[in-house]
Enquirer: 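Below are the C-alpha cells for one structure; questions will follow.
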Amino acid sequence: RPVQLAERQNPHRAYAIRVSVRVRMAPSPTGMLHIGNVRTALFNWLYARHEGGEFKLRIENTDTSREVAEAVDQIQESLRWLGLDWDGPHTFQLDRMDDCREVARKLVAEGKAYEDEGAIRFKMPDEGTTGWDDVVRGRIDFPNEQLEDVVLVRSDGRPTYNFASPMEDVWDGITHVIRGDDHVSNTPKQINLIRAVGAEPPIYAHVPSVFGTDGKKLSKRHGAVTVEEFRSAGYIAPALMNFLALLGWAPDGETTIMSGDELVERFDLSRVQPSPAAFDFEKLDWMNGVYLRALPPDEYAHELLLYLGEQGYDWDAELVRKAAPLVQEKIERLGDFPAFAGFLFQDISLDGQQLDPKVLSEAESVLRDVEPFTADRIEAALRELAERLELKPRDAFQPIRIAVTGSKVSPGLFESLELLGRERALERLSAARS
RNA sequence: GCCCCCAUCGACUAGUGGCCCAGGUCGCCACCCUUUCAAGGUGGUAGCGCGGGUUCGAAUCCCGCUGGGGGCACCA
C-alpha cells in the first residue's frame, strides 16, 4: 500500500497522509438554512478542499419533534446551489441511537455515568480544568466545577445532542470540528465525553456569529436570512460565496474579489476573525453586481432566463435574451430585471404624468419613418429632432423615455425602442399624449 | 447571578513592537464622462473604546474599566 511505502521512506510524509482532514456540517432539519450556518458550512468546505480532505454532511435529527419534513431536501438544495459539495452520502444522527445507548450502558457499567430519574447522566470531573487550543480563538479553559453532569440519554431512551454529536464525530473520524461559537461552552463537556470512551478529541474551531449592521444577531427584520431568499432576490452563487467567505476572514488587506478556486486556494482557518461580523447587504449588492457584469453576455442571458423561470415569469425567452445586454451593466441583482425592463414584456402605466406633447408628437412622426428601426438609426433621428427643437438631449429624450418605458429610469432609450418595436413604441407615444 | 469569549473608519478587514500622524474594499461626498439610471475615472470623508502600566518606542504586550456577545435544558 502506498501509505506503507511512504512510511518506510519518510515517516513525516506518512504522517501527513494519515491525518487527512475530515470535517462535517451538522445542521438540524428544523427549516431552511440560515445564512450564518451557511457561512459556517462554507468555512468547513473551504478548509476541507484546501487541505484536500473530506467534507461530510450529517443531519442532526435527534429531536424529531422539531423536525420539518422538507428541511433535509432544502438544506441539500441550498448547499448544492452554492456549490458546497459534500463527500459520500449524508447521514442521519437518528440512525446511531442504538450505538449511543450502548455506549451509555458501557459508561454506566464503568462507573463513568449513572442513572438519574430514568435518565443517564455523565459524571463530569469536578476538579481542575478542561481546555483546548481553539484554531480561531486560541486557548480556552473551563473550570471543571462549572461542568454539570450532562444527560446522555433521556428518560424516554433518546440520546441527547451533547452525547450523540461528539460520539458521531469520533465514529466518523472527524479531525476538525468547525462550528458556531454558540457551542463553545458545550465543548469541554464533549471533550470529557470523548476522552471517557477512550478517543482523542478533534481539533476545534469556533467561528463567530453573523450580525445585522445594527450589531444584533442577523434576523428576518434585517432582510433575507436564508439561502433561498438570497437566491430568489437574484443573487448568484459565486458572489454570495465570495461575500460570505469575507465575513470574518480575509487572505490579506487588499483582495476582495475571489473565485471559488481562489478561495479554496487561499483559505486559512487560523486567519478567521474571533469577533462577530456584521452582514452588509449593500456590499453584497455591489459584489453581486461585479459578478453579474463580469459574466460573458451569453452566460448572463442564461442566468437571467434561469432566474426568471424559477421566479415564475413566462416572458418571451428571445426578447429576454435581447434585453439582457441592455441591463447587464445596470442592475446588481437579477431580481431587479422585472422592474427595470418589464416595460418590454407588459403594459405600462403612466399614472397621469404630464409630458411635453410637442416632443411626443414630433417623436412619433419621426420614428414612423425611421428605416430600419434599429438603435443607431433611431438615435440619429432623435438627436436630429432634439437639435431641431433646440432642446438639450436629456430634455428631449426624457419625456420619450417616460412615455415608452413608464419610468424615469430605464435601459438605453434607443436600444429599448428597437426592442419594443416600431408599432408598440408609436402606440405608447400616442397614448402618453392623451 | 455564575462561567467563557470578543473589541482598528458607519460596515468588512490589513496590521502580530519601529515600515502606521494606520493600508484596502463597501457605503457616503465632490468632480469628470453621460440620453435616464448604472458602470467607469479622479479626488475626498472617516477609525486603533477608555484608563493605567511595560518599553528608547505600542493599534500591536500586561492589568483594570467600559461596552458587546455566547452559554448555564431530559433543544440542537
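Heavy atoms only: backbone and side chains are in, while hydrogens, waters and symmetry mates are out. Chain A is the first sequence line, chain B the second, and so forth, proteins listed ahead of strands; every chain is numbered from 1.
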Enquirer: Students often get this wrong, so: under 4.0 angstrom with heavy atoms, is A:Gly289 touching a base, only sugar-phosphate, or nothing?
Expert: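 Nothing: the residue A:Gly289, judged by heavy atoms under 4.0 Å, touches no strand.
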Enquirer: Is the phosphate of B:U35 approached by A:Arg383 (side-chain N or O, under 4.0 Å from OP1 or OP2)?
Expert: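 Answer is yes, contact under 4.0 Å.
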Enquirer: If you look at every strand shown and take non-hydrogen atoms under 4.0 Å, does A:Glu379 touch a base, only sugar-phosphate, or nothing?
Expert: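 The residue A:Glu379 makes no contact with any strand.
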Enquirer: With both distances kept under 3.5 Å, what pairs with B:C19, Watson-Crick or G-U wobble?
Expert: none
Enquirer: Could you please name the option among B:U35, B:U25, B:A76 that lies closest to any side-chain atom of A:Phe414?
Expert: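 That would be B:U35.
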Enquirer: Across all strands shown, which nucleotide pairs with B:C65 by Watson-Crick or G-U wobble geometry, both distances under 3.5 Å?
Expert: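 For B:C65, the partner nucleotide comes out as B:G49, under the 3.5 Å rule.
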Enquirer: Describe the nucleic acid contact of A:Asn61 in one word from base, sugar-phosphate, nothing, applying a heavy-atom distance below 4.0 Å.
Expert: nothing
Enquirer: In the structure shown, which nucleotide is the Watson-Crick or G-U wobble counterpart of B:A58, with both distances under 3.5 Å?
Expert: none
Enquirer: Given the structure, check if the side chain of A:Ser155 and the base of B:C74 hold any donor-acceptor pair shorter than 3.5 Å.
Expert: yes
Enquirer: Taking atom C1' in both B:U16 and B:U8, compute the distance separating them and give it to the nearest angstrom.
Expert: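 So the two C1' atoms sit 14 Å from each other.
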Enquirer: Applying a 4.0 Å non-hydrogen cut-off, can you work out what A:Ala278 is touching in the nucleic acid: base, sugar-phosphate, or nothing?
Expert: sugar-phosphate
Enquirer: Does this structure show an ion pair linking A:Glu77 with A:Arg231, if we count only N-O contacts that are shorter than 4.0 Å?
Expert: yes
Enquirer: Using atom P in both nucleotides, what's the gap between B:C12 and B:A73 to the nearest angstrom?
Expert: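 Rounded to whole Å, the distance is 31 Å.
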Enquirer: Ion pair present between A:Arg49 and A:Asp87, side-chain N to carboxylate O less than 4.0 angstrom?
Expert: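 Looking at A:Arg49 and A:Asp87, the cut-off is met.
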Enquirer: For A:Ser410, report the nucleic acid contact type (base, sugar-phosphate, nothing); a contact means any heavy atom under 4.0 Å.
Expert: base
Enquirer: Using a 4.0 Å heavy-atom cut-off across all strands, classify A:Asp141 as base, sugar-phosphate, or nothing.
Expert: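 A:Asp141: backbone/sugar contact only, no base atoms under 4.0 Å.
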Enquirer: Measure the distance from CZ on A:Phe211 to P on B:C12 and round it to the nearest whole Å.
Expert: 10 Å
Enquirer: Taking 4.0 angstrom as the limit, do A:Arg58 and A:Asp169 come out as a salt bridge?
Expert: yes
Enquirer: Do A:Lys330 and A:Asp336 sit within salt-bridge range, that is, some charged N less than 4.0 Å from a carboxylate O?
Expert: no
Enquirer: How about A:Glu117 and A:Ser155: does a side-chain donor come under 3.5 Å of a side-chain acceptor?
Expert: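 No, no side-chain donor-acceptor contact under 3.5 Å.
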Enquirer: Does the side chain of A:Arg394 get closer than 4.0 angstrom to OP1 or OP2 of B:U34 through an N or O atom?
Expert: no
Enquirer: Counting the atoms with a prime plus P, OP1 and OP2 as sugar-phosphate, which does A:Arg179 contact under 4.0 Å by heavy atoms, base, sugar-phosphate, or nothing?
Expert: nothing
Enquirer: With a 4.0 Å cut-off, would you call A:Glu384 and A:Arg388 a salt bridge?
Expert: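 No, this pair does not count.
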Enquirer: Between B:C5 and B:G64, how far apart are the P atoms? Round to whole Å, please.
Expert: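 My reading of the P atoms in B:G64 and B:C5 gives 12 Å.
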Enquirer: Answer yes or no: does a side-chain N or O of A:Arg154 lie under 4.0 Å from OP1 or OP2 of B:A73?
Expert: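 A:Arg154 to B:A73 OP1/OP2: no side-chain N or O under 4.0 Å.
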Enquirer: So what does A:Ile140 hit on the nucleic acid, given a heavy-atom distance under 4.0 Å: a base, only sugar-phosphate, or nothing?
Expert: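 Here A:Ile140 touches the backbone only, sparing every base.
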Enquirer: Could you tell me how far B:A7 sits from B:C19 if I compare only their C1' atoms? Round to whole Å.
Expert: 26 Å
Enquirer: Using a heavy-atom cut-off of under 4.0 Å over every strand shown, decide if A:Glu329 touches base, sugar-phosphate, or nothing.
Expert: base
Enquirer: C1' atom, B:G27 versus B:A46: distance in rounded Å?
Expert: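 Comparing C1' positions in B:G27 and B:A46 gives a spacing of 11 Å.
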Enquirer: Between A:Ser361 (side chain) and A:Pro357 (backbone), is there a donor-acceptor pair under 3.5 Å?
Expert: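 Flag set: sc A:Ser361 to bb A:Pro357 pair under 3.5 Å.
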Enquirer: Which part of the nucleic acid, if any, lies within contact of A:His183, taking any heavy atom under 4.0 Å across all strands shown: a base, the sugar-phosphate backbone alone, or nothing?
Expert: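 It contacts base atoms.
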Enquirer: Picking from B:C3, B:G69, B:U25, which would you name as closest to the side chain of A:Gln146?
Expert: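 Of the options given, the side chain of A:Gln146 lies nearest B:C3.
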Enquirer: Within the 4.0 Å heavy-atom criterion, would you say A:Arg66 contacts the bases, only the backbone, or no part of the nucleic acid?
Expert: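 Here A:Arg66 touches the bases of the nucleic acid.
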Enquirer: Which base, if any, makes a Watson-Crick or G-U wobble pair with B:A11, both distances under 3.5 Å?
Expert: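 Paired with B:A11, as far as the under-3.5 Å criterion goes, is B:U25.
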Enquirer: Does A:Lys330 get its side chain close enough to the base of B:U36, under 3.5 Å, for a donor-acceptor pair?
Expert: yes
Enquirer: Within the structure shown, what part of the strands sits under 4.0 Å from A:Arg401 by heavy-atom distance: base, sugar-phosphate, or nothing?
Expert: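 Base contact.
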Enquirer: As a test of reading the structure: which of B:U35, B:C74, B:A14 is closest to the side chain of A:Glu415, going by heavy atoms?
Expert: B:U35
Enquirer: Which whole number of Å gives the distance between the P atom of B:C56 and that of B:G49?
Expert: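 Each nucleotide's P atom is 25 Å from the other's.
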Enquirer: With both distances kept under 3.5 Å, what pairs with B:A73, Watson-Crick or G-U wobble?
Expert: none
Enquirer: Closest approach to the side chain of A:Val409, judged atom by atom: which nucleotide of B:U36, B:U25, B:C3 is it?
Expert: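 For A:Val409, the side-chain atoms sit closest to B:U36.
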Enquirer: Using atom C1' in both nucleotides, what's the gap between B:C6 and B:G44 to the nearest angstrom?
Expert: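 Looking at atom C1' only, B:C6 and B:G44 are 33 Å apart.
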Enquirer: Now, which nucleotide makes the Watson-Crick or G-U wobble pair with B:C33, with each of the two distances under 3.5 Å?
Expert: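 By the stated definition (distances under 3.5 Å), nothing pairs with B:C33.
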Enquirer: Determine the contact category for A:Ser165: base if any of its heavy atoms lies under 4.0 Å from a base atom, sugar-phosphate if only primed atoms, P, OP1 or OP2 are that close, otherwise nothing.
Expert: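 Counting heavy atoms under 4.0 Å across all strands, no contact is made by A:Ser165.
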Enquirer: Looking at A:Gln328, does any N or O in its side chain come under 4.0 Å of the phosphate oxygens OP1/OP2 on B:A38?
Expert: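 For A:Gln328, the contact criterion (side-chain N or O under 4.0 Å from OP1 or OP2 of B:A38) is not met.
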Enquirer: Between A:Glu148 and A:Lys189, does any NZ, NE, NH1 or NH2 come within less than 4.0 Å of an OD or OE carboxylate oxygen?
Expert: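 Looking at A:Glu148 together with A:Lys189, the answer is yes, because their closest N to O distance falls below 4.0 Å.
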